[in-house]
**Q** 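Could you have a look at this structure, given as structure tokens, before my questions?
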Amino acid sequence: MCGRYSLVCIDDLGARFRVRVPAVGLEPRFNIAPGTDVPVVVAGGADRRMELMRWGLIPSRARDPSVGRRLINARAETLAEKPSFRALVRRRRCLIPASGFYEWAPAAGGRIPYHIRRKDGRLFAFAGLYDEWRDPAGIPVATCVIITTTPNDLLRPIHDRMPAILREADEERWLAPEALPAAVLGDVLAPCPADELEAYPVSTAVNNPENEGEGLIRRADG
DNA sequence: CCAGACGTTGTT
DNA sequence: GTCTGG
DNA sequence: CCAGACGTTGTT
DNA sequence: GTCTGG
């Protein structure tokens, strides 16, 4: 699955995703946890823009967002069938930029965190969905989820799920405000090629969401 | 018809 | 055990 | 995802 | 909102 990620090459965001980047409020993050505000790219063509959204979906239909667990992931395989996601898949797709993500592999004596990133070091985008909830005063709160899919050969030894990472060539179509046929959805959300990524163990310091810093993505010894 | 759920993950 | 907060 | 809290009453 | 269960 994907419950923690990194986004450190902030300077590349605007050019990589062809958006205007907020002048303030963005800084490199090595330990992005659910419940925090994350930069998200929405809409398509000339309307493409970046917004901050809370990671963890509050559906627009929710009456009290404090009740019920907020979803941080959505399964690619069943997106089109689930009532909660069907409408979002049609109209509210987004890109969630990242430089890497973390997965915890089971091991004797506790789980070991791994950082996974592109071999070429470039930024990439998770396939995401978002929604907008309005509080009783009418104030909108935008929230998002990261779509997950089956693991590729690199991730399979580590975990049984991985985030859906879009091919760069599919990003515009993912954002475009038009329905995507089921076959296209399946293709776009397929696990990305294993040979484009690398995975390595990191310190359990990343476990604590309050920890930050470059050390979190450094390879752990032995 | 109305009421109530709607989701994922990991763990047991 | 289960929920909330980050 | 993991970490950390989880509760009430009365008294100061 | 929309689907399922009774």
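Note that these values count all heavy atoms, side chains included, but never hydrogens, waters or copies made by symmetry. The sequence lines fix the lettering, A, B, ..., with proteins before strands; numbering per chain opens at 1.
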**Q** Donor-acceptor pairs under 3.5 angstrom involving side-chain atoms of residues 174-195 of chain A: please list them, not counting sequence neighbours.
**A**
from     : atom 1 : to       : atom 2 : distance (Å)
A/Trp174 : NE1    : A/Cys94  : O      : 2.9
A/Trp174 : NE1    : A/Gly128 : O      : 3.4
A/Asp187 : OD2    : A/Arg167 : NH2    : 2.9

**Q** When the distance from CZ of A/Arg111 to P of B/dT9 is rounded to whole Å, what number comes out?
**A**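 Distance check: A/Arg111 CZ to B/dT9 P gives 12 Å.
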
**Q** Below the 4.0 Å mark, does B/dT8 have OP1 or OP2 next to a side-chain nitrogen or oxygen of A/Arg161?
**A**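 No, A/Arg161 has no side-chain N/O under 4.0 Å of OP1/OP2 on B/dT8.
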
**Q** To the nearest angstrom, how far is A/Glu77 atom CD from B/dG7 atom C1'?
**A**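 To the nearest whole Å, that distance equals 14 Å.
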
**Q** In whole Å, what is the span from the CD1 atom of A/Ile158 to the C1' atom of D/dC1?
**A**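 After rounding, the reported distance stands at 15 Å.
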
**Q** Out of B/dG7, B/dC6, D/dC1, which nucleotide sits closest to the side chain of A/Pro34?
**A**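 Comparing B/dG7, B/dC6, D/dC1 against the side chain of A/Pro34, the answer is D/dC1.
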
**Q** Scan residues 81-96 of chain A for pairs that pass salt bridge (Lys or Arg N to Asp or Glu O under 4.0 Å), counting only residues two or more places apart or in two chains.
**A**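 Checked against salt bridge (Lys or Arg N to Asp or Glu O under 4.0 Å) - neighbours excluded - the pairs reaching residues 81-96 of chain A are A/Arg92-A/Asp131.
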
**Q** Whenever both distances are under 3.5 Å in a Watson-Crick or G-U wobble pair, mark it; put DNA chain D into dot-bracket that way, with [ ] for crossing pairs and | when the partner is on another strand.
**A** ||||||......

**Q** By the rule that ILVMFWY residues connect when side-chain heavy atoms come within less than 4.5 angstrom, directly or transitively, which residues belong alongside A/Leu216?
**A**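 So far as hydrophobic clustering goes, A/Leu216 is joined with A/Val8, A/Phe30, A/Tyr102, A/Trp104, A/Tyr200, A/Val202, A/Val206, A/Ile217.
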
**Q** Under 4.0 Å from any heavy atom of chain A: name the first and the last nucleotide of DNA chain E that qualifies, 5' to 3'.
**A**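 Contacts span E/dG1 to E/dC3, reading 5' to 3'.
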
**Q** Write down the distance between CG (A/Leu189) and P (B/dT8), rounded to a whole number of angstrom.
**A**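 In whole Å, B/dT8 P and A/Leu189 CG are 13 Å from each other.
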
**Q** When rounded to the nearest Å, what value does the distance between P atoms of D/dC2 and B/dT9 take?
**A**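 These two P atoms come out 13 Å apart once rounded.
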
**Q** Just the rounded figure in Å: distance from P of D/dC1 to CG of A/Leu155.
**A**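 Nearest whole value for this atom pair: 14 Å.
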
**Q** Does A/Asn31 reach a base, just sugar-phosphate, or nothing at all? Heavy atoms under 4.0 Å.
**A**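 Answer is nothing: A/Asn31 stays at 4.0 Å or more from every strand.
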
**Q** Do A/Thr150 and A/Arg156 get their side chains close enough for a donor-acceptor pair, meaning under 3.5 Å?
**A**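 No - no donor-acceptor pair under 3.5 Å links their side chains.
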
**Q** Any idea which of D/dC1, B/dG7, B/dT8 is nearest the A/Ser84 side chain?
**A**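 For A/Ser84, the side-chain atoms sit closest to B/dG7.
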
**Q** How long is the line joining CD of A/Glu210 and P of D/dA5, in whole Å?
**A**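 Atom CD in A/Glu210 sits about 10 Å away from atom P in D/dA5.
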
**Q** Is A/Ser99 close to A/Leu123 at the side-chain level, that is, under 4.5 Å between some pair of heavy atoms?
**A**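 A side-chain contact under 4.5 Å exists here.
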
**Q** Give a yes or no on whether A/Arg54 atom CZ has more than 12 heavy-atom contacts from other residues, nucleotides or ligands under 6.0 Å away.
**A**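 It does not: A/Arg54 CZ has 12 such atoms or fewer within range.
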
**Q** For a quick test of reading the model, state the closest non-hydrogen atom pair linking A/Met53 to A/Val42 and the distance between them.
**A**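 Closest approach of A/Met53 to A/Val42: CE-CG1, 3.5 Å.
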
**Q** Assess whether a salt bridge exists between A/Glu132 and A/Arg134, defined as any Lys/Arg side-chain N lying under 4.0 Å from an Asp/Glu carboxylate O.
**A**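 Looking at A/Arg134 together with A/Glu132, the answer is yes, because their closest N to O distance falls below 4.0 Å.
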
**Q** Expressed as a whole number of Å, how far does the P atom of C/dT4 sit from that of D/dG7?
**A**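 Taking atom P in both C/dT4 and D/dG7, they lie 10 Å apart.
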
**Q** My understanding is that only residues two or more places apart in sequence, or in another chain, count here; which of them pass side chain to side chain contact (heavy atoms under 4.5 Å, CB included) with A/Pro106?
**A**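 So A/Pro106 forms no side chain to side chain contact (heavy atoms under 4.5 Å, CB included) with any residue.
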
**Q** Could you check how far CG of A/Asn211 sits from C1' of D/dC1, rounded to whole Å?
**A**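 Those two atoms, CG and C1', are 14 Å apart.
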
**Q** Taking the C1' atom of each, how far is D/dG4 from B/dA5, in whole Å?
**A**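 Looking at atom C1' only, D/dG4 and B/dA5 are 30 Å apart.
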
**Q** Take atom C1' in B/dT8 and the same atom in D/dC1, then report the distance between them in whole Å.
**A**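 Here B/dT8 and D/dC1 have their C1' atoms 12 Å from each other.
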
**Q** Classify the nucleic acid contact of A/Ile72 as base, sugar-phosphate or nothing, counting any heavy atom under 4.0 Å across all strands shown.
**A**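 The answer is base, as A/Ile72 lies within the cut-off (heavy atoms under 4.0 Å) of a base atom.
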
**Q** Considering only NZ, NE, NH1 and NH2 on the basic side and carboxylate oxygens on the acidic side, decide whether A/Glu198 and A/Lys119 come within less than 4.0 Å.
**A**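 The answer is no: the pair does not qualify as a salt bridge.
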
**Q** Check A/Glu27 with A/Arg29, please: is the shortest side-chain N to carboxylate O separation under 4.0 Å?
**A**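 Looking at A/Arg29 and A/Glu27, the cut-off is not met.
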
**Q** Just to be sure I understand the rule, does A/Ser60 reach a base, reach only the sugar-phosphate, or reach nothing, if contact means heavy atoms closer than 4.0 Å?
**A**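 The answer is nothing, as A/Ser60 stays clear of every strand by at least 4.0 Å.
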
**Q** Does A/Asn207 put a side-chain nitrogen or oxygen below 4.0 Å from OP1 or OP2 of D/dA3?
**A**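 Checking A/Asn207 against D/dA3: at least one side-chain N or O falls below 4.0 Å of OP1 or OP2.
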
**Q** Under 4.0 Å from OP1 or OP2 of B/dT9: is there any side-chain N or O of A/Thr148 that close?
**A**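 Affirmative; the distance criterion is met.
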
**Q** Touch check for A/Phe85, heavy atoms < 4.0 angstrom, all strands: base, sugar-phosphate only, or nothing?
**A**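 If one applies the 4.0 Å heavy-atom cut-off, A/Phe85 turns out to touch the sugar-phosphate alone, with no base involved.
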
**Q** So what does A/Arg75 hit on the nucleic acid, given a heavy-atom distance under 4.0 Å: a base, only sugar-phosphate, or nothing?
**A**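 Counting heavy atoms under 4.0 Å across all strands, the contact made by A/Arg75 is with sugar-phosphate only.
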
**Q** How long is the line joining CD1 of A/Ile58 and P of B/dT8, in whole Å?
**A**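 It works out to 18 Å between those atoms.
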
**Q** Which is true for A/Ala33 with a 4.0 Å heavy-atom rule: it touches a base, it touches only sugar-phosphate, or it touches nothing?
**A**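 Result for A/Ala33 = base.
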
